[in-house]
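Working notes for the structure below.
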Amino acid sequence: QVQLVESGGGLVQAGDSLRISCTAAGRTLSGYTVGWFRQAPGKEREFVSALRRGGFAPDYADSVEGRFTISRDSAGNTVYLQMNSLKPSDTAVYYCAADSTTYTSTYYKTSTAYDSWGQGTQVTVSS
């Protein structure tokens, strides 16, 4: 397991952009599949995006495709989620998760695919 820390959440207006970050304490994330999930009040945690170990193309939920971009810095220490054209429906606590498994199926879209989780960062989008 790896200790993850998210940062960068906040309160923005609809249409604004925000970038949230995920770092691992004391190690690089380059050898991990890293996912972003979110959970809105009263709703279940849902998949947002992932960068799979093994150089696969990033993947996104339909609800954020074209608006969000996941990336990893060159050193592999931080994974970012750039969120553009934010909507009130994007309001949630955003969690990053990591696992050392190389997934070749879509199992990485489920929360049980990850053994390490951060504490979450709140993103609130006002209308």
Side-chain angles (χ1 to χ4, degrees):
Q1 290 189 339
V2 60
Q3 185 176 358
L4 301 173
V5 178
E6 302 98 334
S7 61
L11 172 64
V12 297
Q13 293 187 332
D16 285 351
S17 298
L18 196 64
R19 188 178 76 168
I20 56 178
S21 304
C22 175
T23 58
R27 66 178 68 186
T28 176
L29 288 172
S30 59
Y32 290 83
T33 291
V34 179
W36 283 100
F37 290 76
R38 66 186 182 186
Q39 187 166 18
K43 295 188 177 181
E44 294 194 355
R45 191 169 299 188
E46 64 175 0
F47 171 78
V48 176
S49 182
L51 272 176
R52 279 183 286 165
R53 178 184 180 185
F56 296 90
D59 198 7
Y60 301 94
D62 290 344
S63 59
V64 306
E65 180 82 53
R67 298 188 298 122
F68 290 12
T69 303
I70 190 172
S71 63
R72 202 191 305 262
D73 71 353
S74 58
N77 296 327
T78 303
V79 173
Y80 302 102
L81 187 68
Q82 176 68 42
M83 304 181 291
N84 298 331
S85 302
L86 282 161
K87 305 175 182 179
S89 57
D90 295 317
T91 295
V93 177
Y94 283 72
Y95 298 90
C96 73
D99 195 278
S100 59
T101 303
T102 301
Y103 290 109
T104 56
S105 69
T106 58
Y107 185 60
Y108 62 89
K109 294 184 178 183
T110 64
S111 58
T112 52
Y114 301 87
D115 62 5
S116 300
W117 289 83
Q119 82 289 348
T121 186
Q122 177 70 46
V123 173
T124 303
V125 185
S126 64
S127 57

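Keep in mind that this is a model prediction, so the values were computed, not measured.
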Quick one: do Leu11 and Gln122 satisfy side chain to side chain contact (heavy atoms under 4.5 Å, CB included)? Show the steps, please.
-> CA-CA 8 Å; Leu11 172 64; Gln122 177 70 46; over 6 Å; no
Note, Phe56 side chain near Tyr103 side chain (heavy atom, < 4.5 Å) = no
Answer yes or no: is there a donor N or O on one side and an acceptor on the other, between the side chain of Gln119 and the main chain of Val5, under 3.5 Å?
-> no
Taking the side chain as every heavy atom from C-beta outward, state whether Tyr108 and Thr101 have any atom pair closer than 4.5 Å.
-> no
Heavy atoms, side chains only, cut-off 4.5 Å: are Arg38 and Ser63 in contact?
-> yes
Supply the atom-to-atom distance Lys87 NZ to Ser85 OG, rounded to the nearest 0.5 angstrom.
-> 8.0 Å
Would you call Tyr80 and Thr69 a side-chain contact if the rule is heavy atoms closer than 4.5 Å?
-> no
If you group Ile, Leu, Val, Met, Phe, Trp and Tyr whenever their side-chain heavy atoms sit less than 4.5 Å apart, what else falls in with Val79?
-> Val2, Leu4, Val12, Leu18, Ile20, Leu29, Tyr32, Val34, Trp36, Val48, Leu51, Tyr60, Val64, Phe68, Ile70, Leu81, Met83, Leu86, Tyr94, Val123, Val125
CD-OG1 distance between Glu6 and Thr23, expressed to the nearest 0.5 angstrom = 8.5 Å
Counting heavy atoms not belonging to Gln82, are there more than 12 under 6.0 Å from its CD?
-> yes
Correct closest heavy-atom pair for Ser7 and Thr121 would be C-OG1, 4.3 Å
Can a donor-acceptor pair be found between the side chains of Tyr114 and Thr33 at a distance below 3.5 Å?
-> no
Test item: Asp99 side-chain N/O and Asp115 main-chain N/O as donor-acceptor pair under 3.5 Å = yes
State the CG-CG distance between Asp16 and Asp90, to the nearest 0.5 angstrom.
-> 11.5 Å
Quick one: closest heavy-atom pair of Pro88 and Ser127, and the distance?
-> CG-CB, 3.8 Å
Are any side-chain N or O atoms of Gln39 and backbone N or O atoms of Ala92, one a donor and one an acceptor, separated by less than 3.5 Å?
-> no
Is there a donor-acceptor pair under 3.5 Å between the side chain of Gln13 and the backbone N or O of Ser126?
-> no
Determine yes or no for a side-chain-to-main-chain donor-acceptor pair under 3.5 angstrom, with Arg53 supplying the side chain and Thr102 the backbone.
-> no
Any chance you could measure Ser111, atom OG, to Glu44, atom CD, to the nearest 0.5 Å?
-> 9.0 Å
